[in-house]
Structures are given as structure tokens and as C-alpha cells.
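To keep things clear, I will list the structure first and then write my remarks on it.
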Amino acid sequence: MSRSTAKQGRCARIVALALYLTAGVRGADYLSPSALVADSKGGSLYIAEATAKQVAVLDLALDEVTRTFSVPDEPSGLALSRDGSRLYVTCGSAQGRVHVAHPRSGESLDTLPVGHTPTAPVLSPDGKRLYVCNSLDDTVSVIDTEHRREIARIRVSREPVAASVTPDAKWLYVGNQLPDGPADAGPVACKVSVINIETLSVDVSIVLPNGSTGLRGLAVSPDGSFVFVSHLLSRYTVPTTQLERGWINTNAITIIDAADRKLIETVLLDDVDYGAANPWAVACTADGKYLCVTHAGTHELSLTDVDAMLDKIKSHRERQSRDARSSGSGPGASYGYGGESVSDIPNQLSFLHGIRRRVRLGGRGPRALVVVDHKAYVAEYFTDSITMVDMGHKSRVETTSIALGPKKQMTAVRRGEMLFHDALLCFQGWQSCASCHPADGRPDALNWDLLNDGLGNPKNTKSLLLAHETPPAMITGVRDTAEAAVRAGIRHIQFATCPEEDAAAIDEYLKSLKPAPSPYLVKGELSGSAQRGRQVFEKAKCSSCHNGPLHTDLKKYDVGTGRGREKGLEFDTPTLVEVWRTAPYLYDGRAVTIKEVLTKYNPDDKHGATSDLTERQINDLAEFVLSQ
Ligand code: HEC
Ligand code: HEC
């Protein structure tokens, strides 16, 4: 061997090692399938592979990936034109865009700017409009696909993440992940925004039952009669003393009458002694017979007989009103959460018994779902795999697992991310950490009466971003560190035990979270108003407690916010980083806006000197805070 080849060989090995290390550390070699779309003839499946920043093409005759092509950023959603000539890929964060690619060659055809962290692109039936959910600026972009430009941006509720158009092309249903109101007054629930496609405005917001949060999936039935929405139904009004019988979190599907745009019923997907945690994507079979739901927490696919479910709802209601009439006790048992529904169905854990089948999948983290004929394809985020569930047999389903790439060793961060989203780390599979901390450890917007600080004093869920850098943990600081809070969460909220190694992996995952850029920034910089607000921040003495790069001195104060038995209590100064994303505010989530924190809930100037500020100064200050 000549010297130069030996040297080249060594260099190649060093390069290979370096690549291995960086890939291992940053997890750049995972695929993370996050969205699926099938072509109309059912020949191939396009798979958005988030962390690999690419789209893979799975040949459905071969059950094999035949091609991949890169996209400019982590892809979050896919839509395919009916003639199969254009693939729309949503990607990016603050500068979100739709990347338009030629599906066969992967060639880039166009890039269209949209809003913050776009996802769930959906085409109108004629293909002339593309609708995109901008999940972190609470809007929906409407794109004219012929002229390739955005023609409208419609404000919806909070964190839109799922959308579907009715077959008559009249309504766009948009599912919002989080409640948008205060957490201390009900109903606290996320909404479905119904957009009139002709006027491009929200016609009605359908409020899901009290405690609905973590909405992920939405699908219109093939005949256009119903809209199915997957979400959690959280029992946040009771203390978190046990998990049995869905005491803390239950997992649900809501059925909406598409023509009337009204909620029909909410049905639980759990069983009496085993939860079906973290329902994610929803799809119907083409004949409308089955409703398919992925469960990202318990690694399953639910198959529900739609007609049997609707019949059961009808006969249950008839029986309920008959019983109520004969006992003279009003309209029947109340749902009991202050919502409008008088049905007791949302409390019945065995409602779907006998009409729903739970199919255990091979991989971990089933999220995206697409149905082609009688086959459901489920993308398993953490194991880089697809499970195909064949429903074409009369009395059984068959599953086939398809690997999208070689098996990889998991880094601690990746493993922690998987465990955080895993309901196997919970007694009876009712919930994962992500049930209350849904979007990468951010809060669910609910108040929970956890037991760490006594009973009867609910607290608003905290964001876990920077939790490890800002001790103590919990708003009252009852845990010295976030590490302690993670272990307490596993023991006392999940009622589980796990090896220390797993808890440490969750720490690593949470430490790896990065703040998303504020939508209030203009080209990455403070706006004029926010710049003025920065001065007000000093003047009003906010920085005496909210100081340093994370805007907290890590100390506790009584800022006059404590109410009832918490009057005079000191709370840990929270970081203000990403506060634009974590409403509602204060320990009990009573404030919906930053302005409310500074005015309505600061009457005595105990929380900064705000009473002498002019309205403009308050606006500027709020703008500055929201820009962090
Ligand atoms: C039932 C809902 C719920 C579940 C499930 C849940 N949490 Fe929490 N978590 C909360 C609430 C509410 C708070 C804030 C409570 C407070 O401040 O007193 C919180 C706070 C935390 C904090 C402290 C953050 C800080 O900066 O102070 C950590 C860390 C945490 N949770 C981790 C986890 C982990 C890990 C899991 C899964 C093992 C988990 N949580 C499951 C509701 C939940
Ligand atoms: C004396 C220390 C102190 C000062 C001064 C102070 N804060 Fe705070 N801040 C806190 C504490 C403690 C909390 C938690 C209060 C609670 O949860 O009820 C808090 C909460 C907040 C929150 C809510 C965060 C959330 O996630 O719920 C915002 C926003 C905020 N402060 C902004 C400001 C601004 C703006 C000023 C200046 C006008 C200011 N603070 C002055 C200590 C302080």
C-alpha cells in the first residue's frame, strides 16, 4: 500500500468516525416519519421524514422504499395534487414555507412563504386552493395553487394542527390543539374552527367538552356527513390521586355533524382498565365503515365500526331520555364538567366495547396515518418504521412491519424523547408525560391539582423548556431541581417505576429543547414597539426579578397574585423565554394575555410598577415580553 492510500484510508476512517459522532450526538441519522400521503391510484406512499429532512417514496407493491429526496427543512406535512404532478411539503419554523416538489423526480418546483411552523396542508377538491395550518401563529394560510401565492391568512383559535375540507368544498374544518381561554374558569377546552371557504372567514368555533386538549387529528367522513376529531379529555377538576378508570386523563374522539356544524357526541377510546393514550391521526376507510385512530402513547391503531357507534349513541340517548322522563329528573345525567352536554357518554369507558378493535403495532410512536383501500399505513416516529394493517379479512386483521431504514442505536436524547411520549411508562397506559406537556414539553393550558404541594390548590401546567436551567422546579419551588420533578412525575403522576437510566434520558431530552423564535419578532429583531418596551421593562423594575438572559433570578416572591388560601404565598420567578407560547399566565392560569398580568392582576404594583404606565407603554411592554 502506498503512503498516500494509507493516509487516505486513515482520513476516511477519521471522517467516518466524525460523521458517526456528530450523527450520534445530534441524532441526524434518524428518519422520524411524521406525515404520509398516498397517490390516488394507491401505487405509492410519500413519507415526510422529519429529522432526516427528506421525503421517502414507498412502493406499495413492493412494500419498499424506492427513492428519497431532500427538502430544505424538517418536513411536517404533505399534500399531493390529484393528478400526482405536485407534492406540497410544509416545513420550517418562524419562516415557514411550503416546498413544492415534483413527486417523481423530487425536483424542486417552487417555495411559497407561509406562517410560523406550518403543518397539515390540505387541498380543495378541485386542487385550486391549498390550506395550511400555521401552528405557532394561530392562523391558516390560503394559497392559490395556480398563481402560486398566498391569498388570505385566517386567524383561528390556538395552535391549529389538523384540517380537512368537506367533499362539497364548502367548509374547511380546522382542529386547534390547545384551549385559548383562562384555566380557572370553565369550560376549558380546545376548539374546532369551521371556515366558510367562500367568504374565507371563521363561521363558527365548536367548543369541545370541558377538559378537551391535545387535539391532534381531524377527518371528514367520505360522504361528508361527519367530522371526527381526536383529543384528550382531561379530568383536571379532580386531584391527581389515582389513575384507575381514567381519573386523570382520558382519550377521546368527538363526532361533529358536518352540515349543522354542531358537536354530536364525545366518545372515549379507552377501556375500563387500560387507557388508549395520546390519540393522534384520524382517517376513515373509503367506504366510511371504519374510523381509524393512531395511539401514539400505547402504540396501537383503533378500528371503530362507525355505524355501530352512531347507532349506539342514538339508542343510548333514547334510553337516557326515557329514564329521565320516568324518574322526572330532567334531561338525564349531566356530564358534570360544566359543559353544555347533558349526555353521560363522555364518562363511559366501555362505550365502544364490542364495536372497536385495538390493534397492537410493531413500532413506537405511531402518529401519521393514511388509508389506501382496506389497508391502513401507520408511520411510527421513533422506530423509523411503517406498520401496514390489513382490514380486508372478515374476522381478523393482519399487520406487516416495514423498516424505512437500518435500525439505529438511540442517543439518550432520542430515548428520552421516546419515553416522554410513551404511555407504557404509566400504570395502565392512561397517559404519557406528553399528555399534559403536549408539544415538545410545552403546557396543555390546564390547571392540575397535583399532590406535591397539598390538595385543593390547582396549578397551571408549566412549560418544560429551560426547566433544568431554572431551578427550583414547580411554581411553588417544592422540588429543588427539574431532575427531582421528573422523577416525582414518573412516581406520583404516572404511578410507575423506571430505571434511573430512563429518568436520566428524559432529563437529556428536556435539556435539548430549544426555544422557538417569537412570532412577534420582525425579521428576527425586536419591533419598534418591543424596543420601547425594553425600556419600560427597566423603568417598571421588571428586571429586578426577571433578569439575566433567561429573565429570572431563580428566587421566590409574593407578587400579590396569591388568592384564597394561597394569599401571600411566594412563587418562583418564571423565565419569560417563549412566554408568547404558554398562555394562560400566573400560577392558576387566570390571565389570558400579558396585558392582563400587567394591569387587571397587578392592582397594587406588587408585580412591577405598572399602574403609572400609559396605555402605550403597557402595549410596548407586553410586546417586549411577547418577543422573548
Ligand atoms: C396530569 C398532568 C401532568 C402529567 C401527566 C405530567 N405533568 Fe409535569 N407538570 C404538570 C403540572 C400541572 C406542572 C406544574 C405544577 C406546579 O408548578 O406546581 C408540571 C411541572 C413539571 C415540571 C417542573 C417544571 C418547572 O420548570 O418547574 C417537570 C420537570 C415536569 N412537570 C415533568 C414531567 C414529566 C417528566 C412527566 C412524565 C413522567 C410529567 N411531567 C407528567 C402536569 C403534569
Ligand atoms: C418581585 C419580583 C418580580 C417583579 C418585580 C416582576 N415579576 Fe413577573 N413574576 C414574578 C413571579 C414570582 C411570578 C409568578 C407569579 C404567579 O405565578 O402568580 C411572575 C410572573 C410573571 C409573568 C407570568 C409568566 C407565566 O408564565 O405565567 C409575566 C408575563 C411576568 N411576570 C412579567 C413581568 C413584568 C413585565 C414585570 C414588570 C412589570 C414583572 N414581571 C415584574 C416575579 C416578579
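Whatever order the structure lists them in is the order used to number ligands and atoms, beginning at 1.
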Nearest heavy atom to [atom]: which of [options] does it belong to?
atom                    : options                        : answer
atom 16 (C) of ligand 1 : Met474, Glu469, His421         : Met474
atom 27 (O) of ligand 2 : Asp572, Leu586, Thr582         : Leu586
atom 34 (C) of ligand 2 : Gly533, Pro584, Pro443, Cys542 : Cys542
atom 15 (C) of ligand 2 : Val536, Val559, Asp558         : Val559
atom 13 (C) of ligand 2 : Ala540, Ala591, Gly608, Pro574 : Pro574
atom 10 (C) of ligand 1 : Gln431, Glu483, Arg235, His437 : His437

Are any of the N or O atoms of [X] closer than 3.5 Å to those of ligand 2?
X      : answer
His546 : yes
Val597 : no
Thr573 : no
Lys541 : no
Tyr587 : yes

Sub-3.5 Å N/O-N/O distance, [X] and ligand 1:
X      : value
Leu510 : no
Lys459 : no
Lys462 : yes

Which atoms of ligand 2 have any heavy atom of [X] under 4.0 Å away?
X      : value
Leu576 : 28 (C), 29 (C), 30 (C)
Thr610 : 38 (C)
Ile594 : 29 (C)
Thr561 : 15 (C), 16 (C), 18 (O)

Numbering as shown, the atoms of ligand 1 that approach [X] to under 4.0 Å (heavy-atom distance):
X      : value
Ala473 : 27 (O)
Asn460 : 14 (C)
Ile248 : 1 (C)
Ile490 : 38 (C)

*Using the ring of each side chain (for Trp, its six-membered ring), is Trp448 parallel, tilted or perpendicular to Tyr236, with breaks at 30° and 60°?*
perpendicular
*Between His437 and Phe420, what is the ring plane arrangement, given parallel below 30°, perpendicular above 60°, and tilted in between?*
tilted
*Location of contacts on Leu466 toward ligand 1, heavy atoms closer than 4.0 Å*: neither
*Gln494 and ligand 1 - part of the residue with a heavy-atom distance under 4.0 Å*: side chain
*Is it the side chain, the backbone, both or neither of Asp588 that has a heavy atom closer than 4.0 Å to ligand 2?*
neither
*What part of Leu598, side chain from CB on, backbone N/CA/C/O, both or neither, has a heavy atom under 4.0 Å from ligand 2?*
side chain
*asked:* For His607 together with Phe571, are the ring centres under 6.0 Å from each other?
replied: no
_Short side-chain to backbone donor-acceptor contact, Thr552 and Leu554, under 3.5 Å_ = yes
*asked:* Looking at Asp29, is its backbone amide N or carbonyl O close enough to the side chain of Lys408 to form a donor-acceptor pair, meaning the two atoms are under 3.5 Å apart?
replied: yes
*Nearest non-hydrogen protein atom, atom 1 (C) of ligand 2*: Cys545 SG, 2.7 Å
*Quick one: CD on Glu417 to CG on Leu510, what's the gap to the nearest 0.5 Å?*
10.0 Å
